[in-house]
Amino acid sequence: MSQRFNLGPPPRLAYAGSTIDRAAHRRSEGAALERDALAYAMAGDAVVLRKAADGMDPLFTLADARQLAAVRETVFLGVRDGRPHHAVALDAAVAEPLKADGVHFVIDLRSIATQSLVAPEHLPPLAQAKAMLGWHARNRFCSNCGAQTHAVEAGWRRDCPACGISHFPRTDPVVIMLAVHGDRCLLGRQTRFGAGMWSCLAGFVEPGETIEEAVRREVLEEAGIRCGTVRYFATQPWPFPMSLMIGCHAQAMTTEITVDTSELEDVRWFTREDAAAMLLQRHAQGLSTPPAAAIAYHIIRSWVEGASVGE
């Protein structure tokens with residue numbers, strides 16, 4: 001019988017489990033959404049935080065957020081505890097002056113999540129804010145005719161006055177999967193990874209492709225491994241810039257690896273015992289998985305603790 005490991009209470013998956021009601025029916029209310037409103041502020045791709053009694057606070061009143069610097073965009077995120085919440089995009093040039101004032105911090109969202117710099121309930125709306133403000137920054141001109149667009153519906157649509165086309169935010173679906181064969185799992189390394197870190201394979205879902213097909217194709221392309229059964233695990237919003245990570249387990253039907261070195265530095269099989277030690281940061285060779293903020297950690301952990309993949 002395969003060995004199973006109990007790693008203790010699982011950590012929370014970052015950027016998921018939002019407590020904000022998106023209140024889409026209110027997006028046309030205009031100024032009414034600004035009454036008693038709160039806001040998350042971003043300078044470029046970084047989040048503006050301020051000192052608080054218990055650490056760092058990412059929430060400002062909407063008026064205070066707008067006083068920090070020139071505002072490039074405002075997006076209504078939704079309502080929490082009866083108060084509207086917004087995302088405010090500040091000119092990126094304000095980052096250095098804010099860092100130097102002794103009151104504010106300007107920190108990238110990935111570091112905020114991995115270092116637990118804010119309360120967990122702030123991570124989902126911060127991911128929402130980063131993705132939406134990034135979408136606006138990249139879509140100021142109509143892809144149909146090239147004219148400048150303008151934001152409507154509290155930031156949830158951009159309209160082209162020249163050709164009448166409406167543009168809506170998009171999320172890029174990405175499959176991220178752990179292929180397993182018996183008591184071994186398949187992990188890969190990219191050159192940008194930190195020393196000793198190994199993770200699940202991943203890739204974008206292509207047009208006209210199911211999630212299962214994308215999983216099988218990506219594992220075959222990157223590692224030369226053919227997979228059969230694919231089981232869904234969970235999803236995670238991934239605002240880098242605006243993807244949805246679709247976590248899966250896949251049953252490997254072959255074991256001989258052929259690495260696509262244009263995508264990955266290396267791919268290897270690891271035993272369940274190896275993977276458990278990597279999750280716990282106790283591997284004899286100093287190997288590790290991604291941190292708990294990433295869905296890859298949770299996909300690997302689920303298998304280590306006994307998730308079935310159709311063997």
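All values below were derived from every heavy atom in this structure, side-chain atoms included, with hydrogens, water molecules and symmetry-related copies excluded.
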ring-ring contact (aromatic ring centres under 6.0 Å, His included) involving F5 - partner list, sequence neighbours excluded: none
Counting only N and O atoms by type, is there a donor-acceptor contact under 3.5 Å from the side chain of [X] to the main-chain atoms of [Y]?
X	Y	result
T114	R110	yes
Q236	A293	yes
S243	M245	no
R216	G228	yes
H85	R22	no
Q128	L77	yes
D101	H104	yes
R27	R157	no
D91	V94	no

With sequence neighbours excluded, residues passing salt bridge (charged side-chain N to carboxylate O under 4.0 Å, His left out) with R217: E206, E209, E221
Listed by chain and number, what are the salt bridge (charged side-chain N to carboxylate O under 4.0 Å, His left out) partners of E153, not counting sequence neighbours? none
Could you go through the salt bridge (charged side-chain N to carboxylate O under 4.0 Å, His left out) check for D183 and R272 one step at a time? CA-CA 6 Å; D183 248 13; R272 202 183 299 260; 2.8 Å; yes
Under 4.5 Å between side-chain heavy atoms, hopping through other hydrophobics if needed: is there a path connecting [X] to [Y]?
X	Y	value
L13	I176	yes
F76	M132	no
L201	F240	no
L62	L38	no
V304	I295	yes

Return the minimal non-hydrogen interatomic distance between [X] and [Y], and the atom names on each side.
X	Y	result
M197	P290	SD-CA, 3.7 Å
L33	A37	O-CB, 3.6 Å
L90	A65	CD2-O, 3.7 Å
H167	C142	NE2-SG, 3.3 Å
A87	L133	CB-CD1, 3.9 Å
A131	M242	CB-CB, 3.7 Å

pair [X]-[Y]: side-chain heavy atoms closer than 4.5 Å:
X	Y	answer
C160	F141	no
V309	T229	no
C248	I211	yes
D172	L244	no
R170	W135	no
L123	V118	yes
V47	V106	no
I225	V267	no

Could you go through L98 and L68, starting from their C-alpha distance and side-chain angles, then the distance that decides it, and tell me whether this counts as side-chain contact (heavy atoms from CB on, under 4.5 Å)? CA-CA 8 Å; L98 284 175; L68 292 171; 4.1 Å; yes
Does [X], at its [atom1] atom, have more than 12 non-hydrogen atoms belonging to other residues, nucleotides or ligands within less than 6.0 Å?
X	atom1	value
E273	CD	no
R72	CZ	no
R226	CZ	no
R83	CZ	yes
F204	CZ	no

Taking it one step at a time, do T210 and V215 satisfy side-chain contact (heavy atoms from CB on, under 4.5 Å)? CA-CA 9 Å; T210 67; V215 166; over 6 Å; no
Provide the full list of ring pair (Phe, Tyr, Trp, His ring centres under 6.0 Å) pairs with a residue in residues 244-275, sequence neighbours left out, each pair given once. W198-F270, F233-H249
Using the rule side chain to side chain contact (heavy atoms under 4.5 Å, CB included), only one of V219, I299, I246 pairs with M177; which is it? V219
Tell me which pairs pass side chain to side chain donor-acceptor pair (under 3.5 Å) where either residue lies in residues 136-146, with sequence neighbours left out. E73-R140, H136-R158
Scan for side chain to side chain donor-acceptor pair (under 3.5 Å) pairs involving residues 38-56, sequence neighbours excluded, and state none if there are none. Y40-R80, Y40-H122
Give, for atom [atom1] of [X] and atom [atom2] of [Y], the distance between the pair rounded to the nearest 0.5 Å.
X	Y	atom1	atom2	result
L178	S199	CG	OG	9.0 Å
Q281	L287	CD	CG	10.5 Å
C145	I165	SG	CD1	8.5 Å
I257	L264	CD1	CG	10.5 Å
L280	M278	CG	CE	11.5 Å
H298	T289	NE2	OG1	9.5 Å

Can a salt bridge be assigned to the pair E96 and K99 using a cut-off of 4.0 Å between side-chain N and carboxylate O? yes
Can a salt bridge be assigned to the pair E305 and R301 using a cut-off of 4.0 Å between side-chain N and carboxylate O? yes
Is it true that D159 and H150 share a donor-acceptor pair across their side chains at a distance under 3.5 Å? no
Which is it for V180 and L186 under the side-chain contact (heavy atoms from CB on, under 4.5 Å) test, yes or no, and what are the steps along the way? CA-CA 6 Å; V180 304; L186 190 72; over 6 Å; no
Does the pair M42 and V88 meet the rule for a side-chain contact (heavy atoms from CB on, under 4.5 Å), with working shown? CA-CA 6 Å; M42 299 200 66; V88 174; over 6 Å; no
Distance flag, aromatic centroids of Y15 and W238, threshold under 6.0 Å: yes
